[in-house]
Amino acid sequence: MISCEEFFKILNKHNLTFFTGIPDSTFKDMMKFLADNRSKKLENIIACNECEAIAIASGYHLATNKIGVVYMQNSGFGKTINPLTSLCDPEVYSIPILLIVGWRGEPNKLDAPQHKKMGKIMIPLMETLQIPYEVLEPKMQEIEKALNKALKYFNQRQGPYALIFRRNFFQKYEMKYLLSNKYHLTTREVIQIILDSLSNNEIVVSTTGHISRIIFEYRESNEKNHYKSFYNIGSMGCASSIGLSIALQKTKNRVIVFDGDGAAIMQMGVFSTIGKYLPSNFVHIIIDNEAHESTGGQPTNSKNVKFIDIAKASSYKWNIEVNTKEELIKVLDHIHNQNGPILIVIKTKLHSESDLKRPDKPPKQYKEEFMKYLSNLN
Ligand SMILES: Cc1ncc(C[n+]2csc(CCOP(=O)(O)OP(=O)(O)O)c2C)c(N)n1
């Protein structure tokens, strides 16, 4: 494994000090290092999605003639295809960008099912996109060689170049300043209070990462009624759109969407769709810990975002932000008679849990059980 400091030193030597992207657990420790060492020299912009990150690195290049580094999990690589092909490609504006991509779902390695397909097609996809790439070995000499190759490419033919990282590449990095916020509720408490308050016929859709995994654990240790949940294990940011569409079809049942702040920001345009179609049975819950907790607690931009104002301006019927258990219980009581769309933003503390269970049957099986449940509703 490579120390984050050593890795950064090599990038720094080549004037690669501008970072942007969406975190991935592969880079958890590198991200901590970047957060600890932010300075005028080292900039790190956490983007709302990977597509935006490519655009940010492009703007950086246009303004400085320097090369930006964009980090992402390969699940987000799909999101970048449009700006990579229509903005940065050597046949368009020819903008050099160093992509650093975490390889989830590598063939023949154990990983979650949502990563399998992209894990398999990532390299063929790079080839189709004509993006030169290298799978990095965690050896300093190899890294130096790979970077030199990338820089040579940037000189000869400006365009994106990818370095691919496997898991366990970086050594553990202990942060000097612990990431935290001022809130007290935990995601687990919030989920427990809300699921305990439901009657019998709600439909639950939950977002990628820890939130779905905690709901899975809740259902597993209660009635094992997973069929009432759609766990959106991949496609980060899409839970609210899935829930919206179900709500428009199953109008007699409440649809409760558990979203994260990072996921909500990733697809913030959905507020406008929800506000246009106004499903009265739609309850949007954002568990806002101001971080991407599932990938190591890197901050999101939510500290600067008033989700309830966005919901209001998008025509949601009712919205509120809560900070305490008492407030949450009161709100849950109130919404029984309140028409939606409703947004409840619940501020929670950064409290990363490890070893959470994951849905362990094939996703298709959960889908079939969920669809059977929906088909039996009125
Ligand atoms: C397109 C895409 N980019 C990145 C990831 C990696 N990823 C999985 S969960 C997650 C963090 C989600 O943050 P948030 O919605 O705030 O929920 P929290 O983890 O804080 O519960 C990230 C970045 C992903 N799954 N998909």
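First listed ligand is number 1; within each ligand, the first listed atom is number 1.
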Does Glu106 come within less than 4.0 Å of Arg167, counting only side-chain N to carboxylate O?
no
Tell me whether Lys306 is salt-bridged to Glu321, with the criterion being a basic N under 4.0 Å from an acidic carboxylate O.
yes
Who are the residue neighbours of ligand 1 when the rule is a heavy atom under 4.0 Å from any of its atoms?
Ile22, Pro23, Glu50, Gln73, Ser75, Gly76, Thr208, Ile211, Met236, Gly260, Asp261, Gly262, Ala263, Met266, Asn289, Ala291, His292, Glu293, Ser294, Thr295
Are the ring centres of Tyr227 and Phe370 closer than 6.0 Å?
no
Counting C-beta onward and ignoring hydrogens, is there a side-chain heavy-atom pair between Ile344 and Ile286 closer than 4.5 Å?
no
In short, side-chain hydrogen bond (donor to acceptor under 3.5 Å, both in side chains) pairs touching residues 1-12 with sequence neighbours left out are Asn12-Lys41
Hydrogens and angles aside, do Asp89 and Ser86 bring a side-chain donor and acceptor to less than 3.5 Å of each other?
no
